Amino acid sequence: MHRTGTNLPAVGEYNQTVVLDAIRRRPEGITRSELAALTALSGMTVTKVCRRLLAAGLVDEHGTRTSGPGKPAAVIKLNPSGGFAVGVHIDPAAVTYVLVDLSGTVRDHSRTGTPVTGDPSAVIEEMANAIEALIAGSAVDRSRIIGIGIASPGPVDVGDGVLLNPPMMPNWRHVPLRRALAEATGLPVLLEKDTTAAVVAELWFAAPGSSRDFAFMYYGTGLGTGLSVSGEVVRGISSNAGDAGHITVDPAGPVCHCGRRGCVGYVTVPRALVQRAVLDGVLLADEAGDLDDMVAVDAAFTRLAALAATGDAGARAILTTAARSLARAIVLLVNLLDIDEVVFGGPFWARVSPAILDALPEAVREDPALVRPHPIRFSQSAIPVDVAAVGAATLVLDNTFSPRPSALLLAAE
């Protein structure tokens, strides 16, 4: 699916984003006449828009192409260095920073421990210094930095740019991060929930014709869900949609911190699987370390995944049980939203994906609660480094360069 433009003169900026989006999604290049046919804009409008994009350095001309009679037409391609965005992903275990160009390529990245100080000003200063070091180290023109995107565990107040009460981060409550970081860096800042940022990234990188109805299962220190319906990110009234972690998948399971038993976001996350491994004798208590220390959990989870990969029966059983729990939650989402794809990603996902995906599709298909008139695909995010960090950067690119029909309604008022 692609957007078409309008020839009304009052919507020049919208048409510019339509044309740029069409160019961006065709890395092989496209001619002006092909753009006109694709966007339903007049040839004159496309020519004027391309002139502005060339002047702004957002696109370049790369040779010519002959198609039929007449002189060869110039081929237009996106200029990846025409703009950059910084993405920041805040996680209880680490803060990841990425610098992404217009094509979505990660030019540089870094990672630091998550600040644990209770002083918000010290947190902001540390993050601002990390961002400045990332930009300086990449040697890109700072004037080409469009802005900073922040992806954080929910809940968040997107309107005011405040982290409200992220799980496992007690010193980050009610931090006005957006305003403070903008003041510290002098750059525009956007804040979104991490699962929302992941969905934005998937849509931004999607090839023409890709599914636009999917759930993104984000597997980090916690389990989150992002949603896309008809190519639009589902944010909800407070921009905190997708908190599927409290779907009950085992009524006789352990008590979640919410008071219910067997919540999928409690029984399938890395900490819970490491704890299960210790109880089952798959890992020694000394190997697991302090389960309240996410660095220790990360290392123990890696050991558990490695055991499963080598065929250890106990480790495989733990991950298979986790897959079946995930399947129960996925069935509910598929039935509710009528989606045809589930995408997996997140910093802990790759280590266990072979074992989980070995059991998950069959568990979903055989669930008696599943109501589906179509096949369901299970895929993995191909986004490098950290999908939430890259998603945070694409928030900025998407907000700046993606066609938004709602802007036409605002302009008409």
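Since the model is a prediction, treat every value here as computed from it, not as a measurement.
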Legend entry - Steps toward side chain to side chain donor-acceptor pair (under 3.5 Å) verdict (Ser152, Asp194): CA-CA 5 Å; Ser152 167; Asp194 50 10; over 6 Å; no
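- Screening residues 225-250 for ring-ring contact (aromatic ring centres under 6.0 Å, His included), with sequence neighbours left out, gives His246-His257.
- At a cut-off of 3.5 Å, with distance as the only test, a side-chain donor of Arg107 or Ser81 sits close to an acceptor on the other residue.
- One finds a salt bridge joining Glu61 and Arg32 here, because a Lys/Arg side-chain nitrogen approaches an Asp/Glu carboxylate oxygen to under 4.0 Å.
- Centroid-to-centroid, the aromatic rings of Phe348 and Phe301 come within less than 6.0 Å.
- Contact check for Cys263 versus Cys258: side-chain heavy atoms found under the 4.5 Å cut-off.
- Atom CZ of Phe344 is separated from atom CD1 of Ile330 by 4.0 Å, given to the nearest 0.5 angstrom.
- When all heavy atoms are compared, the tightest approach of Ala215 to Leu227 is CB-CD2, 3.9 Å.
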Inset, instruction - Go through Arg276 and Asp280 one step at a time and tell me if the salt bridge (Lys or Arg N to Asp or Glu O under 4.0 Å) criterion holds. - result: CA-CA 6 Å; Arg276 184 76 261 167; Asp280 291 353; 3.0 Å; yes
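- Salt-bridge check for Asp292 with Arg271: passed, with a basic side-chain N closer than 4.0 Å to an acidic carboxylate O.
- Listed here is the closest heavy atom pair of Tyr218 and Pro347: OH-CD, 3.1 Å.
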Inset, instruction - Check the pair Val274, Arg303 against side-chain contact (heavy atoms from CB on, under 4.5 Å), reporting the backbone distance first and the verdict last. - result: CA-CA 9 Å; Val274 169; Arg303 284 192 284 274; over 6 Å; no
Legend entry - Asp312 vs Thr310, side chain to side chain donor-acceptor pair (under 3.5 Å): CA-CA, chis, key distance, verdict: CA-CA 6 Å; Asp312 182 272; Thr310 58; over 6 Å; no
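- Note that the CG atom of Leu99 and the OG atom of Ser138 stand 4.5 Å from one another [nearest 0.5 Å].
- Rounding to the nearest 0.5 angstrom, the gap separating the CG atom in Asn15 from the NZ atom in Lys48 is 11.0 Å.
- A donor and an acceptor atom, one from each side chain of Asp338 and His374, are located under 3.5 Å apart.
- Of the listed residues (Asn79, Val59, Leu58), just one forms a side-chain contact (heavy atoms from CB on, under 4.5 Å) with Leu102, and that residue is Leu58.
- Looking only at distances, no side-chain donor or acceptor of Thr248 sits under 3.5 Å from a matching main-chain atom of Pro251.
- The OG atom of Ser353 lies 11.0 Å from the OH atom of Tyr219; values are rounded to the nearest 0.5 Å.
- Not one N or O on the side chain of Arg260 forms a donor-acceptor pair closer than 3.5 Å with the backbone of Cys256.
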Inset, instruction - Could you walk me through whether Arg65 and Thr31 pass the side chain to side chain donor-acceptor pair (under 3.5 Å) test, one step at a time? - result: CA-CA 8 Å; Arg65 181 184 301 161; Thr31 66; 5.2 Å; no
Legend entry - Worked check of salt bridge (Lys or Arg N to Asp or Glu O under 4.0 Å) between Asp358 and Arg316: CA-CA 10 Å; Asp358 187 48; Arg316 294 282 298 185; 3.2 Å; yes
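- Residues Thr45 and Val19 have side chains not in contact (no heavy-atom distance under 4.5 Å, counting atoms from C-beta outward).
- In this structure, CD1 on Ile124 lies 10.0 Å from OG1 on Thr185, to the nearest 0.5 angstrom.
- Within the 4.5 Å cutoff, side-chain heavy atoms of Leu191 are placed close to those of Leu163.
- Remark: side-chain polar atoms of Thr394 are not paired, donor with acceptor, to backbone N or O of Leu397 under 3.5 angstrom.
- Summarising the geometry of Tyr97 relative to Ala130, their closest heavy-atom pair is CZ-CB, 3.5 Å, with the distance given to 0.1 Å.
- You'll find the side chain of Val390 reaches within 4.5 Å of the side chain of Val106, heavy atoms only.
- With hydrogens and angles disregarded, no donor-acceptor distance shorter than 3.5 Å links the side chain of Arg144 to the backbone of Phe84.
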Inset, instruction - Report the C-alpha distance between Val342 and Phe216 in whole Å, list the side-chain angles of each, state the deciding distance to 0.1 Å, and finish with yes or no for side-chain contact (heavy atoms from CB on, under 4.5 Å). - result: CA-CA 6 Å; Val342 182; Phe216 189 102; over 6 Å; no
Inset, instruction - Please lay out, stage by stage, how Asp243 and Thr225 fare under the test side-chain contact (heavy atoms from CB on, under 4.5 Å). - result: CA-CA 6 Å; Asp243 191 351; Thr225 306; over 6 Å; no
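- Using a 3.5 Å distance cut-off with no hydrogens or angles, the side chains of Thr112 and Glu126 do not pair a donor with an acceptor.
- A salt bridge is absent between Glu232 and Arg212; no separation between the charged side-chain nitrogens and carboxylate oxygens falls under 4.0 Å.
- Considering CG of Leu337 and CZ of Phe214, their distance stands at 12.0 Å, rounded to 0.5 Å.
- Put simply, the side chain of Val75 does not reach to within 4.5 Å of the side chain of Ile30, judged on heavy atoms.
- With respect to the salt-bridge test (charged N to carboxylate O, under 4.0 angstrom), the residues Asp367 and Arg328 do not qualify.
- Judged purely by atom type and a 3.5 angstrom limit, Asp101 uses its side chain to pair as donor or acceptor with the backbone of Thr105.
- Looking at Leu333 and Met217, their side chains come closer than 4.5 Å, going by heavy atoms from C-beta outward.
- Nearest heavy atom pair, residue Asp213 against residue Ile339, reads O-CB, 3.7 Å.
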Legend entry - side chain to side chain donor-acceptor pair (under 3.5 Å) assessment of Glu192 paired with Ser239: CA-CA 8 Å; Glu192 282 276 13; Ser239 295; 4.9 Å; no
Inset, instruction - Evaluate the criterion salt bridge (Lys or Arg N to Asp or Glu O under 4.0 Å) for residue pair Asp157 and Arg178; output intermediate values, then yes/no. - result: CA-CA 10 Å; Asp157 183 336; Arg178 187 183 65 197; over 6 Å; no
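- The heavy-atom pair separating Val364 from Ala327 by the smallest distance is CG2-CB, 3.6 Å.
- Looking only at distances, a side-chain donor or acceptor of Glu287 sits under 3.5 Å from a matching main-chain atom of Leu284.
- A donor-acceptor pair is defined here as one N or O able to donate and one able to accept, closer than 3.5 Å; no such pair exists between the side chain of Asp298 and the backbone of Met294.
- With hydrogens and angles ignored, the 3.5 Å screen pairs no side-chain donor or acceptor of Lys77 with any backbone N or O of Ile23.
- Side-chain atoms of Asp290 and Val297, non-hydrogen and from C-beta on, never get closer than 4.5 Å to each other.
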Inset, instruction - Take Asp21 and Arg24 through the salt bridge (Lys or Arg N to Asp or Glu O under 4.0 Å) test and state the conclusion after the steps. - result: CA-CA 5 Å; Asp21 190 61; Arg24 179 180 70 81; 3.0 Å; yes
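- For Leu304 against Ala277, the heavy-atom pair with the smallest separation is CD1-CB, 4.0 Å.
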Inset, instruction - Take Val162 and Val175 through the test side-chain contact (heavy atoms from CB on, under 4.5 Å) and record every step on the way to the result. - result: CA-CA 5 Å; Val162 176; Val175 176; 5.7 Å; no
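- Although no hydrogens or angles enter the test, the distance criterion places a donor-acceptor pair under 3.5 Å between the side chain of Asn335 and the main chain of Ala369.
- Thr302 and Arg351 form a side-chain donor-acceptor contact under 3.5 Å, judged by distance and modelled atom types alone.
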